[in-house]
Trainee: 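Handing you a structure now.
Numbers for residues simply follow the sequence, beginning at 1. Because the structure is a prediction, the values reported are computed rather than measured.
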Amino acid sequence: MEEKRTSIFENGLIWFGAGVSIAEILTGTYLAPLGFGKGLLAIIIGHVIGCIMLFLAGVIGGMARRSAMETVKMSFGQKGSLLFSVLNVLQLVGWTAIMIYDGALAADGVLRTGRWIWCLVIGALIILWIVIGITNLGKVNVVAMTALFILTLILCKVIFFNGGAVGVAADESMTFGAAVELSVAMPLSWLPLISDYTREAKEPVKATAVSAVTYGIVSSWMYVIGMGAAIYTGEYDIAQIMVKAGLGIAGLLIIVFSTVTTTFLDAYSAGISSESIVSGWNGKHIAIAVTVIGTVGAIVYPMDNITDFLYLIGSVFAPMIAIQIADFFLLKQDTSSNIINIPNMVIWLIGFIVYRILMNIDISVGNTLPDMLITIILCLIAGKFIKKGSIKE
């Protein structure tokens with residue numbers, strides 16, 4: 001039986017769903033101090049940088065027909081890739097909890113029943129999504145996405161056309177470079193996931209391009225909604241914006257479904273990544289377990305400011321994907337038969353440290369891009385001098 005391949009349209013839909021999320025709107029509110037013009041520029045620059053990385057990561061998985069964490073073996077070896085698989089599962093559990101927390105908090109702002117009840121409702125819906133499965137979600141996803149699309153348009157109208165244009169005075173609390181970095185961070189956080197979807201595409205390169213472009217546009221739009229809401233309505237709480245806009249139940253549906261469609265991807269990919277850590281594990285079962293852990297986390301821990309979490313993801317995965325890009329596209333080498341690729345592990349560690357150092361320097365393009373360029377250059381230098389720096393089986 002031929003494996004069912006996903007169409008370009010289906011891949012686009014998946015990434016439309018990934019982009020429409022409360023977390024993205026909330027992150028957008030952090031950019032309000034820059035004012036609308038500079039904020040918009042930071043959002044666009046950041047998303048262009050992040051989505052190019054997202055595209056390249058997806059092409060590697062799509063062309064090699066491997067899941068995201070399987071492609072990591074091509075640069076870091078069998079055991080070397082385990083570090084990233086574990087870090088990826090941890091970031092995905094973190095994301096699952098953050099998304100459920102944000103969704104529940106916002107839902108509770110519209111319909112007060114207690115945040116923990118909303119955590120349970122959203123968690124249960126995500127599990128339902130996982131059980132239905134990615135290839136059977138086609139029609140359900142089309143309906144959910146269309147509804148979300150219409151509701152976000154209404155939200156835009158309310159913020160940008162009905163707002164009393166309060167206007168937040170620009171201040172120095174957020175630098176332009178930091179704003180760009182926060183915009184890069186969202187697409188970057190999807191890097192270790194995209195191949196889990198593009199590997200199943202009929203036309204991997206086209207599907208990846210559509211995925212990256214769709215996600216980039218929708219995510220930028222969510223940032224703009226958040227930033228606009230904070231600037232024009234002076235309101236940072238998304239639930240309050242919806243209540244003021246008279247979007248009671250409709251707003252509630254946006255919140256719940258956008259949380260489910262985005263968080264489903266996190267949980268699903270955590271399942272796929274865990275399969276590359278322990279052979280014999282069932283990805284679906286792990287995805288359900290991740291959702292349960294995320295739901296409990298969302299009930300127990302407050303997760304209001306996620307900027308440190310976003311930067312941590314950037315510092316781990318920016319140098320990782322830089323090494324993969326160098327190996328796949330430039331050096332054309334594959335070390336997946338090796339146990340561990342030591343030179344690349346060392347370069348990754350240097351890249352990680354460089355990223356953390358660059359965080360203290362305000363660079364107008366953010367710190368992901370310079371960090372990746374430094375990492376790629378190190379890879380090319382190492383590629384010239386080290387041919388057999390890996391431990392073979």
Trainee: For the hydrophobic clusters of this structure (ILVMFWY residues joined by side-chain heavy atoms under 4.5 Å, transitively), does one cluster hold both Leu40 and Ile217?
Mentor: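 Different clusters: Leu40 never reaches Ile217 through Ile, Leu, Val, Met, Phe, Trp or Tyr contacts under 4.5 Å.
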
Trainee: Asp327 and Asn341: side chain to side chain donor-acceptor pair (under 3.5 Å), yes or no, with the steps?
Mentor: CA-CA 12 Å; Asp327 277 356; Asn341 184 330; 4.8 Å; no

Trainee: Decide yes or no for Met345 and Leu83: does some side-chain heavy atom of the first lie under 4.5 Å from some side-chain heavy atom of the second?
Mentor: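 Yes. Closest side-chain heavy atoms under 4.5 Å.
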
Trainee: Are Pro192 and Met69 close enough that some pair of their side-chain heavy atoms sits under 4.5 Å apart?
Mentor: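 Touching, per the 4.5 Å side-chain cut-off.
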
Trainee: Return the CG to CG distance between Leu54 and Leu188, rounded to the nearest 0.5 Å.
Mentor: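 With rounding to 0.5 Å, CG (Leu54) is 9.0 Å from CG (Leu188).
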
Trainee: Give the minimum heavy-atom separation between Met99 and Ala23, together with the two atoms involved.
Mentor: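 What the structure gives for the nearest pair is SD-CB, 3.5 Å.
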
Trainee: Phe329: which residues meet the side chain to side chain contact (heavy atoms under 4.5 Å, CB included) condition with it, sequence neighbours left out?
Mentor: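 So Phe329 forms a side chain to side chain contact (heavy atoms under 4.5 Å, CB included) with Leu56, Val59, Ile60, Ile325.
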
Trainee: Taking the six-membered ring where the residue is Trp, are the ring centres of Phe84 and Trp348 under 6.0 Å apart?
Mentor: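 For Phe84 and Trp348, the ring centres are under 6.0 Å apart.
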
Trainee: Side chains of Thr375 and Tyr355: closer than 4.5 Å at any heavy-atom pair?
Mentor: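 Side chain of Thr375 against side chain of Tyr355, heavy atoms only: no contact under 4.5 Å found.
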
Trainee: When rounded to the nearest 0.5 angstrom, what distance separates CH2 in Trp129 from CG in Leu265?
Mentor: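 Rounded to the nearest 0.5 Å, the CH2-CG separation comes out at 11.5 Å.
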
Trainee: Counting distance only, does the side-chain N/O of Thr262 pair as donor-acceptor with the main-chain N or O of Val20 below 3.5 Å?
Mentor: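 Confirmed, Thr262 side chain pairs with Val20 backbone.
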
Trainee: Could you check whether any side-chain heavy atom of Gln324 comes within less than 4.5 Å of a side-chain heavy atom of Val72, counting everything from C-beta outward?
Mentor: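 They are in side-chain contact.
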
Trainee: The criterion is ring pair (Phe, Tyr, Trp, His ring centres under 6.0 Å); which residues satisfy it with Tyr101, sequence neighbours excluded?
Mentor: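 Once residues adjacent in sequence are excluded, Tyr101 has no partner under the ring pair (Phe, Tyr, Trp, His ring centres under 6.0 Å) criterion.
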
Trainee: Can I get a per-line list of side-chain donor-acceptor pairs under 3.5 Å for residues 207-216, giving both atom names and the distance, sequence neighbours left out?
Mentor:
unit_1, atom_1, unit_2, atom_2, d
Thr208, OG1, Pro204, O, 2.5
Ser211, OG, Ala207, O, 2.7
Thr214, OG1, Val210, O, 2.6
Tyr215, OH, Glu24, OE2, 2.7
Tyr215, OH, Trp190, NE1, 3.0

Trainee: Taking atom types as modelled, find out whether Asn344 and Ser75 have a side-chain donor-acceptor pair closer than 3.5 angstrom.
Mentor: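 Side-chain D/A pair, Asn344 to Ser75: absent.
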
Trainee: Quick check: does any side chain N or O of Tyr197 sit under 3.5 Å from a backbone N or O of Thr6, one acting as donor and the other as acceptor?
Mentor: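 Absent.
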
Trainee: Going by heavy atoms in the side chains, are Asp102 and Met303 under 4.5 Å from each other?
Mentor: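 SC-SC contact between Asp102 and Met303 ruled out.
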
Trainee: Would Val93 end up clustered with Tyr268 when hydrophobic side chains under 4.5 Å apart are linked, directly or stepwise?
Mentor: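 Hydrophobic grouping puts Val93 apart from Tyr268.
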
Trainee: Are the side chains of Ile126 and Ile100 in contact, using a 4.5 Å heavy-atom criterion?
Mentor: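 Side-chain contact under 4.5 Å: yes.
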
Trainee: When rounded to the nearest 0.5 angstrom, what is the spacing between CD1 in Ile347 and CD1 in Ile374?
Mentor: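 The distance works out to 13.0 Å.
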
Trainee: Got a sec, which residues hit side chain to side chain donor-acceptor pair (under 3.5 Å) with Thr307, two or more places apart in sequence or on another chain?
Mentor: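 Side chain to side chain donor-acceptor pair (under 3.5 Å) list for Thr307, sorted by chain: Asn305.
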
Trainee: If you measure from NZ on Lys206 to CG on Asn11, what distance do you get to the nearest 0.5 Å?
Mentor: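 Those atoms lie 13.0 Å apart.
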
Trainee: When rounded to the nearest 0.5 angstrom, what distance separates CD1 in Ile45 from CG in Leu41?
Mentor: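 One finds 4.0 Å between CD1 of Ile45 and CG of Leu41.
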
Trainee: Not counting sequence neighbours, which residues clear salt bridge (Lys or Arg N to Asp or Glu O under 4.0 Å) with Lys38? List them please.
Mentor: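 So Lys38 forms no salt bridge (Lys or Arg N to Asp or Glu O under 4.0 Å) with any residue.
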
Trainee: Among residues at least two apart in sequence or on other chains, which ones pass salt bridge (Lys or Arg N to Asp or Glu O under 4.0 Å) with Arg115?
Mentor: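 Arg115: no salt bridge (Lys or Arg N to Asp or Glu O under 4.0 Å) contacts found.
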
Trainee: Looking at Gly123, is its backbone amide N or carbonyl O close enough to the side chain of Thr295 to form a donor-acceptor pair, meaning the two atoms are under 3.5 Å apart?
Mentor: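 Here the side-chain-to-backbone pair does not exist.
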
